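This report concerns only the one structure given below.
Chain naming here is simple, since letters A, B, ... match the order of the sequence lines and numbering starts at 1 in each. Here the structure is a predicted model, which means the values were calculated and not measured.
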Amino acid sequence: MTDTRFDPSKADGRWQSAWDKAGTFAADSNSPKPKSYILEMFPYPSGRIHMGHVRNYTMGDVLARYKKMRGHEVLHPMGWDAFGMPAENAAMEKKVHPGQWTRSNIEAMKAQLKRMGFALDWTREFATCDPEYYGHEQALFLDMYEAGMVERRSSEVNWDPVDMTVLANEQVIDGKGWRSGAEVEKRKLDQWFLKITDFADELLDGLDELKDWPDKVKLMQENWIGKSQGLQLRFDCGYGTEIEVYTTRPDTIFGASFVAVAPDHPVAEMVAQKNTEAADFIKQCKLGGTTAAALETAEKLGFDTGLRTENPLDVNTELPVYIANFVLMDYGTGAVMGVPGHDQRDFEFATKYGLPIKRVVASSADDATKPFDGEAESGDGILVNSGFLNNLSVEGAKAEVIKRAEMRGWGEGTTVWRLRDWGISRQRYWGTPIPIIHSPDHGPVPVPRDQLPVELPEDIDFDTPGNPLERHPTWKHTVCPISGKPALRETDTLDTFANSSWYFLRFASQPDGAPFDPAEIAKWMPVEHYIGGIEHAILHLLYARFWTRALADLGKFEVKEPFAALFTQGMVTHETYSLGDGSWLSPSEVKKDGADWVTIADGAPVTAGRVTKMSKSKKNVVDPDNIIAQYGADAVRWFMLSDSPPERDLPWSDAGIEGCYRFVQRLWRLFDAIDPAADGAGGAGGEDKALARKAHQAIVAVAEDIEALSFNKAVARIYELTGAAEKAKPGAARNFAIRAILHLIAPMMPHLAEEAYAKLGKSGLIADAAWPDHNPGMLVEDEVTIAVQHKGKLRDTLTVAKGLSKDELEALALASEKVQRSIDGAQVRKVIVVPDRLVNIVT
RNA sequence: GCGGGUGUGGCGGAAUGGUAGACGCCGGGGACUUAAAAUCCCCUGAGUUAUUACUCGUGUGGGUUCGAGUCCCACCACCCGCACCA
């Protein structure tokens with residue numbers, strides 16, 4: 001009873017080294033135990049760990065430690081998603097080599113992660129910028145290349161005409177280059193693509209197997225893949241010109257009032273050759289960025305080509321052919337038929353250019369002439385004003401039009417995917433070099449396997465914009481592997497999403513001469529729980545699923561889906577602070593003065609603003625390191641798990657972390673209160689039994705909560721049991737409850753748990769201990785509280801023995817004085833009884 | 001613009017269609033102390049009221065039901081993603 005305070009500054013480091021020394025968290029693939037692979041999305045080494053990482057890795061850590069207590073052999077690895085643009089930006093701004101910058105960031109962040117006491121297997125650590133890792137990635141790329149999964153074709157990029165460089169979407173701000181401020185243009189380049197569309201069907205169907213993925217993520221992926229059934233039809237424009245159009249609404253064909261093609265459609269280009277106005281319009285369309293959001297929010301512009309076509313089902317209608325900026329060459333056929341009445345985009349376009357808006361779907365035949373209320377109607381109904389389609393349902397009309405088109409030969413029913421092939425070329429230095437040699441005689445040729453990895457040159461400069469690999473004096477000059485004649489290396493590097501598309505396989509096994517070992521993959525994969533941010537719901541997760549399927553197709557292993565269960569956690573948020581001039585202040589620069597906020601420096605008034613995601617730009621960040629130093633890792637971990645459900649945002653608060661620290665100390669005092677002499681004492685009656693029951697219930701409930709990742713509920717249970725144990729009299733039941741609490745918190749507050757475990761004289765580590773057993777007979781309550789309602793409103797509650805019959809409950813409820821007063825002599829018409837729950841009396 | 005989500009006290013949140021607000025934070029009152037810190041106890045959705053009790057209350061407006069935070073319809077606000085940020 002000498003240590004009245006738990007001192008994390010001493011205990012944290014002690015147990016972190018103890019785990020390291022014992023190799024507690026090194027995964028043994030030869031263990032006979034059931035395997036659990038717990039993985040959190042690995043971080044980009046930006047320089048500092050942020051609270052989002054802390055939250056993410058704390059959740060995974062609790063699961064990993066819990067599974068270990070449950071007798072599983074756990075793989076819980078960590079590494080670094082180390083390629084990417086920030087390193088190049090640092091190189092330009094701070095004149096430091098991207099590799100050196102990245103390596104020192106990794107070192108700093110690893111030390112921070114260690115201070116959190118995460119149960120990680122550091123023996124499997126790697127960074128994607130390790131030549132060994134990206135060398136294997138190059139080999140996998142060549143495997144895909146040789147299997148016909150890779151293609152080279154022309155595609156648009158954001159081009160900065162002043163800096164003469166390709167820009168990422170995030171570097172385009174309001175259509176202008178972030179550094180030069182120049183108007184960005186779309187420019188076509190030859191680039192490499194992975195043919196993910198060949199897997200579209202599989203990736204869509206595979207979603208059904210993912211029982212433990214959130215429905216919202218599966219729905220987002222489903223919509224992204226975007227399988228649609230429709231009609232591909234041809235419009236004859238005369239002069240031997242035909243426009244192939246794809247539509248998902250063939251039923252509305254009688255409502256068509258124009259045809260529009262993409263600015264880079266062959267027909268648009270043909271028109272532009274003879275018509276300078278058309279050429280100018282297309283040039284206009286090339287301004288601005290390439291993102292879908294930019295294209296779709298831009299004002300809808302069209303150019304009348306002068307070409308005219310006719311509706312194949314309604315030859316009396318002449319349809320103008322437009323070039324339109326909202327039509328995408330990449331989707332469908334690059335041309336659409338415009339039906340303004342039943343498509344909002346077409347409606348706006350038709351309104352702007354004075355084209356007819358015709359109703360062809362209505363809720364009933366009587367509404368055939370009903371005017372539109374300022375917008376298109378895309379809902380269901382029956383066909384009107386549509387000749388032989390009249391009175392058919394939308395679905396029936398679709399089938400009828402497709403049937404007729406196929407019969408007459410002017411179109412056919414087809415499936416179209418929204419998903420596009422994955423452009424993986426990046427005109428940048430800090431990435432995986434694409435292992436291809438451009439031979440003057442043989443075209444693109446794979447780099448021979450024995451020459452892998454193709455390593456990045458170290459001596460590069462970032463003094464001028466553009467790709468340093470392209471400018472390097474010697475690196476790209478090599479010889480053709482076939483002819484031996486001089487040839488040039490591919491200077492594009494792989495999209496960094498490629499690096500994160502197979503890292504989980506490398507964590508599971510890392511043999512010397514191969515990317516991974518199929519036997520080890522079979523032992524560990526799929527990942528049992530994958531945890532990360534919702535922002536990765538589509539791209540990263542779809543690409544990782546694709547690589548896994550592609551590699552399985554190549555016969556590398558059997559697993560088709562990499563992540564059995566997915567969990568997407570919310571962000572860590574914080575209040576924002578700003579001065580009158582709108583400049584942001586960090587939480588460490590402000591303090592509370594009564595009800596107001598002021599600067600610490602000179603007491604100037606501060607406006608406390610909205611609670612938003614912690615971000616450097618708004619300065620509303622709290623550095624985990626400072627918090628760990630002040631409160632210890634366990635208080636921080638507890639905060640990350642408390643209160644907010646893990647899938648929702650977690651608002652950081654100083655009061656909250658202080659509360660967590662107080663709870664750490666409260667537990668420490670409670671653990672001190674175990675009295676081994678009382679273990680044999682105490683009966684099974686009254687309070688003792690109630691506390692013992694609470695403890696048994698908590699053991700079951702906390703386990704269920706952790707398995708469901710409902711950490712906030714587990715935390716609330718532990719608070720409840722702690723409160724009950726504190727109030728209880730010393731005795732066997734109390735000792736049992738306290739020991740249970742010690743084990744229940746072990747995955748969440750491992751340093752405190754180890755310290756208390758040792759102090760209780762236990763040998764070994766609680767990290768290696770088992771989850772406590774419970775007695776099923778101790779779970780059942782023998783009394784229940786019944787709600788008694790009159791006309792749906794609560795009038796009284798009754799505490800009764802569990803399992804009373806409906807009649808008994810009804811009698812008891814009617815006997816209640818409060819209920820009688822409420823009924824006030826009115827006639828009872830109906831009584832609803834839910835056993836062990838409630839009685840509702842209706843008068 | 002399109003796709004997906006979220007909305008409950010001062011704050012974070014809990015609640016198989018069945019007692020709304022568990023648990024935590026903040027706040028108020030008290031105990032201990034020379035004093036403070038720490039700790040412990042009590043109160044704490046709003047309103048009316050005798051501490052009895054009643055009314056209102058889960059983003060807004062409708063609906064289904066004996067009973068709706070939960071189900072249905074319409075709307076509002078905010079957040080995430082949109083293919084070269086990771």
task: Show your working on ring pair (Phe, Tyr, Trp, His ring centres under 6.0 Å) between A:Y631 and A:F639 and close with a plain yes or no.
output: CA-CA 11 Å; A:Y631 300 102; A:F639 183 93; 9.7 Å; no

statement: Quick note, A:E535 side chain, CB onward, closest among B:rC54, B:rC66, B:rG81 is B:rG81

query: Do A:R426 and A:D495 sit within salt-bridge range, that is, some charged N less than 4.0 Å from a carboxylate O?
result: yes

message: For B:rA14 and A:N712 - does any side-chain N or O of the residue sit under 4.0 Å from the phosphate oxygens OP1/OP2?
response: yes

- prompt: B:rG24, B:rC82, B:rU19: which one has an atom nearest the side-chain heavy atoms of A:D643?
  reply: B:rG24

message: The side chain of A:R669 is closest to which nucleotide in this list: B:rG4, B:rG81, B:rC40?
response: B:rC40

- prompt: Are A:R420 and B:rA83 close enough that a side-chain N or O sits under 4.0 Å from OP1 or OP2?
  reply: no

message: Is it the case that the side chain of A:D343 and the backbone of A:A376 share a donor-acceptor pair, with hydrogens and angles ignored and the cut-off at 3.5 Å?
response: no

statement: Regarding the side chain of A:R837, the nearest nucleotide among B:rC26, B:rU19, B:rC84 is B:rU19

- line: Side-chain contact check for A:W422: nearest option of B:rG12, B:rC84, B:rC26 is B:rC84

OP1 or OP2 of B:rC84 under 4.0 Å from side-chain N/O of A:N158: no

query: Taking the side chain of A:F497 as its heavy atoms from C-beta onward, which of B:rC78, B:rG12, B:rA86 lies nearest to it?
result: B:rA86

- request: Tell me whether the OP1 or OP2 atom of B:rU19 has a side-chain N or O from A:T785 closer than 4.0 Å.
  value: no

message: Check the phosphate of B:rC78 against A:R648, side-chain N and O only, distance under 4.0 Å to OP1 or OP2. Yes or no?
response: no

- prompt: So which nucleotide from B:rA86, B:rA38, B:rU19 ends up closest to the side chain of A:R5?
  reply: B:rA38

message: Between A:K195 and A:E151 (salt bridge meaning N to carboxylate O under 4.0 Å), is one present in this structure?
response: yes

- request: Pull up the glycosidic torsion of B:rG10 and say syn or anti, syn being anything within 90° of 0.
  value: anti

message: Quick check on B:rC56: is either OP1 or OP2 less than 4.0 Å from any side-chain nitrogen or oxygen of A:K793?
response: yes

task: Just call it for A:R610: base, sugar-phosphate, or nothing, with non-hydrogen atoms closer than 4.0 Å on any strand.
output: sugar-phosphate

message: Starting the side chain at C-beta, find the nucleotide from B:rG12, B:rA83, B:rU19 nearest to A:T797.
response: B:rU19

- request: Would you indicate which nucleotide in B:rC85, B:rG12, B:rC40 comes nearest to any side-chain atom of A:M85?
  value: B:rC85

query: Partner of B:rU6 by Watson-Crick or G-U wobble geometry, both contacts under 3.5 Å, or none?
result: B:rA77

Given RNA chain B, 5'-ward residue of the pair A:D421 and A:K300, judged by closest heavy atom: A:K300

message: Quick check for you: among B:rA83, B:rC84, B:rC23, whose closest atom lies nearest to any side-chain atom of A:T291?
response: B:rA83

- prompt: Is the shortest distance from a Lys or Arg side-chain nitrogen in A:E490 or A:R152 to a carboxylate oxygen in the other one below 4.0 Å?
  reply: yes

Any A:K713 side-chain nitrogen or oxygen under 4.0 Å from OP1 or OP2 of B:rA15: yes

- prompt: Does A:K727 have a side-chain nitrogen or oxygen under 4.0 Å from the phosphate oxygens OP1 or OP2 of B:rC40?
  reply: no

field: Stepwise salt bridge (charged side-chain N to carboxylate O under 4.0 Å, His left out) test for A:E704 and A:R717
entry: CA-CA 11 Å; A:E704 282 171 1; A:R717 302 248 185 220; over 6 Å; no

message: Does B:rC54 have its OP1 or OP2 closer than 4.0 Å to a side-chain nitrogen or oxygen of A:R795?
response: yes

query: Which part of the nucleic acid does A:L838 contact within heavy-atom distance under 4.0 Å: base, sugar-phosphate only, or nothing?
result: base

- request: May I ask you to verify if any side-chain N or O of A:N169 is less than 4.0 angstrom from the OP1 or OP2 atom of B:rA83?
  value: yes

